[in-house]
Amino acid sequence: MSLSSERSLASLSRWRLHSAPPQHFESTLSPYLRRATLQLPAGFNPRTATLAQQWRQDAGGDDEAIVRRALQWITTDFSYTLETPPAGRDPVDEFLFGYKAGFCEHFSAAFVVLMRGAGVPARVVTGFAGGTRNRLGDYWIVRRMDAHAWAEVWLPQRGWVRVDPTAAVAPERILDTLDDRLQAGTDSPLQQRWLQLGQMGDWLRRGWNDLVLSFDARRQQQLLKPLGLDDLGPAQLIAGFVTAALMALAWMAWLLARGERERDPLLRAWHRLGRRYARLGLAREPHETAQDWARRVHARRPDPALLALSQRFDDARYAGTCTDLASLLRDLRRHRPTSGASP
């Protein structure tokens with residue numbers, strides 16, 4: 001019931017998970033694991049070791065009583081803060097009997113040392129707790145700041161049981177948290193705008209990850225399944241998508257070239273006029289000049305206005321003798337083929 005990887009995950013990966021009902025894990029503890037989860041370095045934290053032995057004598061064989069006693073002590077005397085002094089030679093003794101304040105690493109490590117000293121198998125567990133909801137994409141963001149450390153103890157008839165000693169701190173003793181620091185100044189309109197922009201940026205990055213970076217062979221086959229092409233092999237998939245990519249690039253290049261050609265408003269207006277005649281079967285041939293085409297159209301569909309427009313277009317486009325470009329553009333846009341039938 002866990003995820004593990006023998007190799008470092010250095011690239012984007014997708015995981016589909018589902019929750020499992022509560023279960024008892026390792027109801028019987030092996031001798032090897034018992035030794036490993038009771039092991040402590042010799043000669044360190046003597047006050048903690050003495051306290052743990054005293055608690056064992058008081059509790060007898062009741063391991064749960066020792067766990068409850070530790071959590072009650074934390075609730076009564078300890079505080080949560082990010083401001084802690086550097087650790088010394090006996091960090092657990094200093095934490096439990098000195099400043100009595102810290103964050104999750106202090107609480108989980110001290111709790112596990114105390115439990116092991118009392119003969120209760122225990123281990124530190126690290127992971128994530130909490131997160132931030134992105135309202136744009138309706139998903140949760142889990143960052144490094146959401147990292148957390150807690151503990152597990154092995155209890156007879158129950159197996160490994162999760163215990164979070166940090167959560168035992170009384171609410172009024174929570175002095176300084178990452179959320180407090182991040183929320184400082186967030187009431188200002190400028191800070192709220194920055195938070196919204198940050199959520200938008202993460203939503204766009206997530207879309208890029210989903211649509212581009214995660215587009216593996218399995219998702220490619222799912223995309224082609226409606227077309228009846230879901231049984232293609234990897235080589236065929238690669239060849240197909242490379243061909244599609246090249247065609248898309250060619251189409252984009254054609255659009256860009258067309259845009260360059262028709263950036264001139266005069267040329268664009270002339271081409272639009274030509275398309276009106278093309279719908280009547282009078283499209284200009286590639287080899288025809290503007291006036292040759294106009295004379296051919298005039299022969300089949302008499303239109304002196306088109307002859308005059310073609311002459312004015314030539315003068316403006318090639319001779320540079322047009323003195324009223326705005327008037328020419330207006331006339332080109334307004335001109336329509338005559339209603340007379342072709343002979």
Side-chain angles (χ1 to χ4, degrees), residues 1-20 74 78-87 95 99 101-109 124-152 162-220 222-223 241 244-245 248-249 252 255-256:
M1 305 298 291
S2 64
L3 291 174
S4 61
S5 176
E6 296 180 356
R7 295 180 299 174
S8 176
L9 298 178
S11 60
L12 186 70
S13 58
R14 298 172 63 90
W15 303 84
R16 290 187 177 274
L17 310 175
H18 64 86
S19 59
I74 292 173
F78 286 77
S79 302
Y80 184 96
T81 180
L82 300 176
E83 295 291 340
T84 57
F95 173 70
Y99 46 88
F103 45 91
C104 60
E105 293 181 18
H106 297 89
F107 286 99
S108 58
V124 174
V125 182
T126 58
F128 297 87
T132 304
R133 179 173 173 265
N134 188 300
R135 297 181 180 180
L136 292 174
D138 193 21
Y139 61 90
W140 289 85
I141 307 168
V142 180
R143 296 189 174 94
R144 291 181 181 179
M145 60 169 287
D146 299 309
H148 188 52
W150 59 96
E152 288 181 346
R162 175 182 175 178
V163 181
D164 190 350
T166 311
V169 177
E172 65 271 14
R173 292 179 177 271
I174 300 177
L175 308 177
D176 178 28
T177 67
L178 280 175
D179 285 337
D180 293 337
R181 297 185 178 189
L182 290 175
Q183 292 298 324
T186 56
D187 293 335
S188 67
L190 179 59
Q191 187 68 21
Q192 287 292 334
R193 181 64 63 181
W194 274 113
L195 292 176
Q196 293 173 1
L197 290 175
Q199 288 207 339
M200 180 177 293
D202 188 89
W203 176 69
L204 292 172
R205 182 176 59 86
R206 178 174 178 264
W208 173 261
N209 291 341
D210 287 345
L211 298 176
V212 180
L213 299 185
S214 316
F215 196 58
D216 54 14
R218 181 181 60 83
R219 294 185 66 194
Q220 293 170 7
Q222 290 178 347
L223 181 65
F241 280 100
L249 288 174
M252 291 176 62
L255 286 179
L256 290 173

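Leu9 is linked by a side-chain contact (heavy atoms from CB on, under 4.5 Å) to Ser5, Trp15, counting only residues two or more places apart in sequence or in another chain. Taking Ala101 as the reference, Ser79, Thr81 meet the side-chain contact (heavy atoms from CB on, under 4.5 Å) condition, with sequence neighbours excluded. Annotation: ring pair (Phe, Tyr, Trp, His ring centres under 6.0 Å) contacts of Phe78 (sequence neighbours excluded): Trp73, Phe95. By the ring pair (Phe, Tyr, Trp, His ring centres under 6.0 Å) test, Trp203 is found to be paired with no residue, residues two or more places apart in sequence or in another chain being considered.
Pairing each heavy atom of Ala149 with each of Thr166, the nearest pair is O-OG1, 4.2 Å. For the residue pair Arg162 and Glu152, the shortest heavy atom distance occurs at CA-CG, 4.2 Å.
Phe103 contributes atom CZ, which lies 10.0 Å from atom CD of Glu83 (distance to the nearest 0.5 angstrom). Between Tyr99 atom OH and Thr84 atom OG1 the span is 6.0 Å, to the nearest 0.5 Å. The NE2 atom of His148 sits 10.5 Å away from atom CD of Glu105, with the distance rounded to the nearest 0.5 Å.
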Please tabulate, for the side chains in residues 128-136, all donor-acceptor contacts under 3.5 angstrom to protein atoms that are two or more places apart in sequence or on a different chain.
unit_1 : atom_1 : unit_2 : atom_2 : d
Arg133 : NE     : Asp138 : OD1    : 3.3
Arg133 : NH2    : Asp138 : OD1    : 3.3
Asn134 : OD1    : Leu136 : N      : 2.9
Asn134 : OD1    : Gly137 : N      : 3.2
Asn134 : ND2    : Tyr139 : OH     : 3.3
Asn134 : ND2    : Gln199 : O      : 2.9

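Identified under the salt bridge (charged side-chain N to carboxylate O under 4.0 Å, His left out) test for residues 163-173, with sequence neighbours left out: none.
Between Asp146 and Arg143 there is no salt bridge, since no side-chain nitrogen of the basic residue lies less than 4.0 Å from a carboxylate oxygen of the acidic one.
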